[in-house]
There are 2 protein chains.
Amino acid sequence: MIESKNTVTIKDVARELGIHHVTVSRALRNTGSVKKETRDQIKKKANELGYKPNRLAQNFRNKRSNVLAVVVPDLRPYFFSKFVSDFMEIAQEAGYSVMIFQSSEKASVEKEIIDSLIGYRVAGVIASVTKDTVQESHFDVLKSEGIPYVFFDRAPEKTEASQVLVNNFQGAYDAVNAMIKSGKKEIAYISTHYQHKIFRDRLEGYKEALKDNGLTYREELVVKGGFFMKDGFVQAERLMALEKKPDGILAVRDEIGIGVIKYLKKTDVSVPEDVAVIGFDNDPMGVACEPELTTVEQSIPLMVESSFDLLLGQIKNAKLNFEKKVIEPKIIFRGSI
Amino acid sequence: MIESKNTVTIKDVARELGIHHVTVSRALRNTGSVKKETRDQIKKKANELGYKPNRLAQNFRNKRSNVLAVVVPDLRPYFFSKFVSDFMEIAQEAGYSVMIFQSSEKASVEKEIIDSLIGYRVAGVIASVTKDTVQESHFDVLKSEGIPYVFFDRAPEKTEASQVLVNNFQGAYDAVNAMIKSGKKEIAYISTHYQHKIFRDRLEGYKEALKDNGLTYREELVVKGGFFMKDGFVQAERLMALEKKPDGILAVRDEIGIGVIKYLKKTDVSVPEDVAVIGFDNDPMGVACEPELTTVEQSIPLMVESSFDLLLGQIKNAKLNFEKKVIEPKIIFRGSI
DNA sequence: TTGAAAGCGCTAACAG
DNA sequence: CTGTTAGCGCTTTCAA
């Protein structure tokens, strides 16, 4: 094991100045009362010696670290990498460090992560759960340790924790509605095989929009499977093989939507004239394809801000109260409808 | 501040069993000698009481945490989010936690991050530096604290630290060569405005390939600016306004390359017949566009593995020795050439 | 305003 | 194999 070398502690600073280390501690943290003169002197000397507070000792002593943990199913999809990136930025500004964990969509891994968080006495947790996290039970340990947590985007079905969600029902409803208004009558829906509520909500929105427009729901137009572009490709193939083909397709992810467009173009179906396509997420990838993909956007900056505020409120107020914030999605019209 | 509630410590476990807490410590860590019977008893009881080791105390006592820090300029580009995601996975498996930091391409932020890392006594650091980090000096504090670090993809120009780099010269060389072999004669090069060596190396590779094929280097074919799709779009516009237009374009990032393709298609220039395009990074976005973008891939799994191995070697061996690993890139041929 | 004392939870070193 | 002692660097509490 490597040993630290030049480690300067408050005692070193104190010794140099011929004062007590407690005074140094006070001065450096701007707490208690220290004569201005002494304080300045201490800060100068600390700087001079290259003193860096030992966070390990501080956190240990304070029984709590200044680390915020972010738990996501997967860091690679645009939605999560953008969320984490933005979240980190404001957390860093507020003086927190951020630890990131990936559950890889496995509830068991998620549980392990949460358990390990206890050990780190993190200040708070922001989580988006795995596709099949229904129970909140493995988050209970956090509650019993008094560690606040907030869910974003994907929350357990039954939870009393604070959460920042998107109105997925509305997003799908609006998207389908937009296609119908532009003259489409046979709208299909492509989902992932994931069971999470956000996808079920979108399905409900889809159904409701059909109903409100006097269109009948046809089961064969609802397909699911996969998460990526290639999956959109195969699902589109399936849909276009139907006797009564769709003239509009709503995909629960932009990547899937892009796969759909790729299939349609390959088979000389024109988008959006013959078939309109809408996705979810406002992934920049959507503007790479041709035509550019119309998408349901869930404002990430807004989600980041809301979840950070909720979390910080709980950390500061020391109460783990329930608060639910719903973000309204917005359709970004591009070329595919 | 919220206070922890049910915190179970080794002393609690010891008290319950009527033994000394040091024995509990030994048993739980499988060190020293403890009678098997006692050990089993301890583990059972610890589990029963829901004991979770206080990492804060452990790390403090050990003067070192089991946290690996990853510092990247920006988490959003595919290259970095994929690297971090993969890195995290193998680090977690090896029992390390990962803290991620973004320098936002600012050397000053990078310096702050490094300084704060000292406080956390992280076990090691993996970094890809900002576009204008030339000096390694702000990493010196790590060295003096005995914290090993490894650079990946982007390293300071002069460094004695271990690093995992891509042979960018070769990547550009091969890409240009491929275009020439397919009959192109006026190859342009679009770079970012970033000054980092990796981009200069690519430029050198570009020039060398021209030379080796007996083509003359024309300064007007080398343009730079921006980092994103829209930048590729405007640079392409600039290039196609030249008297003597290019018939092949190498972009230093896939996103830029996609912007180029979008411009060309918009102006009815066919790709790859009239103009071939190649990018860098193997960003999945490249398959969203039409035609799909040919790209220079730098194997991320290989880079992750190499840098993790280098870092772990240093952590384990307690020597901060210099080692440089170069990853050879590979061209992935798709439709744009 | 400053100092002295005590202890957070854990582990290394030594003793038994 | 198990217990005792001591201390990591810091901060809170109490006393001067």
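Note that the structure is predicted; figures quoted are calculated from it, not measured. Here is how names work: the chains are called A, B, and so on, in the same order as the sequence lines, proteins then strands, and each is numbered from 1.
B:Asp12 places its CG atom 13 Å from the C1' atom of C:dC10, with the value rounded to the nearest Å. What separates CZ of B:Arg64 from P of C:dT11 is a distance of 17 Å, to the nearest Å. Note: CG (B:Leu56) to P (D:dT11) measures 13 Å, nearest angstrom. Atom-to-atom, CZ of B:Phe60 to P of D:dC10 comes out at 8 Å; the value is rounded to the nearest Å. Here the P atom of nucleotide D:dG9 and the NZ atom of A:Lys52 are 16 Å apart, to the nearest Å. Between the CZ atom of B:Arg121 and the C1' atom of C:dC10 there is a distance of 17 Å, given to the nearest Å. Per the geometry, CD1 belonging to B:Ile42 stands 13 Å off P belonging to C:dT11, to the nearest Å. Look at CZ on A:Arg55: it is 14 Å from C1' on D:dT11, rounded to the nearest Å.
Of the charged side-chain nitrogens involved, at least one lies within less than 4.0 Å of a carboxylate oxygen, so that A:Arg154 and A:Glu105 count as a salt-bridged pair.
Nearest-nucleotide positions on DNA chain D place B:Thr38 closer to the 5' end than the other of A:Lys11 and B:Thr38.
Residue B:Lys63 places at least one side-chain N or O under 4.0 Å from the OP1 or OP2 atom of D:dG9. Considering only side-chain N and O atoms, A:Arg29 lies under 4.0 angstrom from the phosphate OP1 or OP2 of D:dT12. Between A:Tyr51 and D:dG9, a side-chain N or O to OP1/OP2 separation shorter than 4.0 Å is absent. An OP1 or OP2 oxygen of C:dG9 is reached within less than 4.0 angstrom by no side-chain nitrogen or oxygen of B:Gln58.
A:Thr9 comes within contact range of the sugar-phosphate backbone alone, with a heavy-atom separation under 4.0 Å but no base atom that close.
Taking all atoms of both residues into account, the shortest heavy-atom contact from B:Ile42 to B:Ala27 is CD1-CB, 3.5 Å. What you find for A:Ala91 and A:Phe308 is that their closest heavy atoms are CA-CE1, 3.8 Å. Smallest separation of non-hydrogen atoms from A:Pro73 and A:Ser128: CD-O, 3.3 Å.
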Candidate pair B:Ile198 and B:Val166, rule side chain to side chain contact (heavy atoms under 4.5 Å, CB included), full reasoning: CA-CA 8 Å; B:Ile198 63 170; B:Val166 174; over 6 Å; no
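With sequence neighbours excluded, the residues forming a side chain to side chain contact (heavy atoms under 4.5 Å, CB included) with B:Asn54 are A:Arg121, B:Leu56, B:Ala57, listed by chain and number. When the ring-ring contact (aromatic ring centres under 6.0 Å, His included) test is applied to A:Phe139, the partners found at least two apart in sequence or on another chain are A:Tyr149, A:Phe151.
Of the residues in residues 14-26 of chain A, A:Ile19, A:His20, A:Val22, A:Thr23, A:Arg26 come within less than 4.0 Å of DNA chain C through at least one heavy atom, sorted by number.
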